[in-house]
Amino acid sequence: MKRLSILLLLLSSALWLTAAPRYNIVPTPKTLVPAEGQFVLGPKTALEVEDAAFSEIAEDFRTRIRLSTGYSLSGNGEKIVLRRVSGLGKEAYRMDVAPDRVLIEASEVNGAFYGLQTLLQLLPEKVYSSVRVKGVKWAAPACRIEDEPAFWYRGLLFDSGRFFFDKEEIKKFIDVMATYKQNMFHWHLTEDQGWRIQIDKYPRLTEVGAWRKETAWHSGIGNGIPHGGYYTKDDIREVVEYARKRCVTVIPEVEIPGHSTAAIAAYPELSCFPERKYEVETRWGIWKNLYAPTATTFRFLEDVFTELFELFPSPYYHIGGDEAPKDVYKESQYCQDLMTVLGIESEEELQTFFVKRMGDFLRKHGKTVIGWDEILDGGALEDPIAMSYRGHAPAAKGIKRGIRVILTPNRWCYLDNQQEDQPDSVAQEIFMPLKKVYNYYPSVDSLATLSKEYIVGYETCLWTEYIWDNDKAESQAFPRNVAAAEVGWTARSNKDWESFRKRMPKVFGTLDQKKVNYSKAYYNVIFDYDRNLPFPKPMNLELDYPYGEIRYTLDGSIPTGKSPVYDGKPFQVDKGTVIKARGFEKGKPVGRVVTKSF
Ligand code: ACM
């Protein structure tokens, strides 16, 4: 008997070492107190909604549960109770999971919605299945949770300008965002390479501006394949409504005064040189076409925004403002004369005048203006929010002036960056693996106290210069955007990479149910080294998957279960070194063989 219990103890501790965490919630809640037992959802489970304000999200939850489990949540047994209480923040919720009852308390719909997302995450991931699943025990481990986000702005930028994605793909992204409690879908809708919104008053925007004759990928050589598309007003209404039901705000971005070639190709009179010929751009980069600061342009933009107000109820509107070289403003006699009349000395100030003019219009219509960090240069906008994308210096500048900022520094936030240093990872050169995304925290360290007040959030950006279809978009975005969701929600003191990497298998299970084509880099060895150091230089090997070991070779042979195990210490690599590495778990390969040749 004694020997048996020792054996059991040994067995259970061995299991404990390799077992998945009992609570797999992403993002990590503010507090979670584990408890004994579990709530098992079944044919007798009832959903009780005590306040009509929560009816809509409750019905959507019921639909989700019915789809995968077949249960209608109208039994007379154990209960899921949604209770409205006073005193919690807009996105906060409390939750008590016990064997006979799940109680979710919130003051507002957003908090209650997040409580339901947490409950879904406590259940087996097949709860996200789109077809009925049999033979699963729908158990949620008991616990008490109190939760609220660290930041109210938790965004994802989606660039439909450079590459057109249909509305179903957009909705798929919004659905995953909501699962992980992100709440701002920043929709980049106008670019040099395409205008993507139907505007009734200006039909050429989509007849002409939504189409390019080809795409010149990074070689600069066109592929001869026309590309384009746009969202009709009904498409946009559908997406905005889909997002609303998931507590996601859709923020439209209309770029001014640069990144505007597609609009100018449709209506050359919006440019400084209307007699010139313009085409929707086929190549990436920063282009010199700018909207002219004329009455014609202002009327055009006001008309465009007026049509957008009916489509996007968001209190936030993004007006771009980045990457607008002023060559045409210098060249244009009209612009130079206007500068004289306005008494301004630089073309930068002319952009400030332009942006202020549109910013005032948006404010008059109750909108808060968001812009890229260039909007800080002029400083004329009233109470804007700046997106600091060129590192943290713009954020510091804004904070010191009392301006709210969203952090989106490209080295940590741009999802077109590489996640695996491999020859087939077609992406920006900046190396941004999952762990780097996870370990970021939106703060300006030198302004820690002020950061708490003025940094309202954090956003990842899915730019699409390196993306040519839905699968590629999904593999660039996921799972890194799930790490980003935790960055935006979870307080710094609660973040823990070791915990996060163990929660990933459940995330992958969820993404599988949602049919998301996520990157498998998590299962591959990652080469972590400083690209700027001279040879010989130190190399670290990393494996995000926590249950494996790394084996590698330096003689060009394929690593096997008998190759040397990486001991976790950096080793020197020199020119000519070829490393081949792979993860192994109990002798069996994990992920693929990766090679790095110097
Ligand atoms: C940007 O990356 N130009 C916002």
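Numbering of ligands and ligand atoms starts at 1, following listing order.
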Looking only at distance, does W463 have an N or O less than 3.5 Å from an N or O of ligand 1?
no
Face-on cation placement of R276 at F273 ring, 6.0 Å and 45° thresholds
yes
Atom 2 (O) of ligand 1 - nearest protein heavy atom and its distance
Y414 OH, 2.6 Å
Any nitrogen or oxygen of W372, main chain or side chain, under 3.5 Å from a nitrogen or oxygen of ligand 1?
no
Check each atom of ligand 1 against the heavy atoms of E323 and keep those under 4.0 Å away; list them by number with element.
3 (N)
Consider ring-ring contact (aromatic ring centres under 6.0 Å, His included). Of F478, F185, F165, which one does F173 pass it with?
F478
Can you list the atoms of ligand 1 that are under 4.0 Å from a heavy atom of D322?
1 (C), 3 (N), 4 (C)
Going by heavy atoms in the side chains, are Y329 and E331 under 4.5 Å from each other?
no
Do you see a donor-acceptor pair shorter than 3.5 Å between the side chains of Q476 and Y466?
no
I need the atoms of ligand 1 closer than 4.0 Å to a non-hydrogen atom of Y389, numbered in the order shown.
1 (C), 2 (O), 3 (N), 4 (C)
From the list Y389, W152, Y440, Y441, ring-ring contact (aromatic ring centres under 6.0 Å, His included) with Y458 holds only for Y440
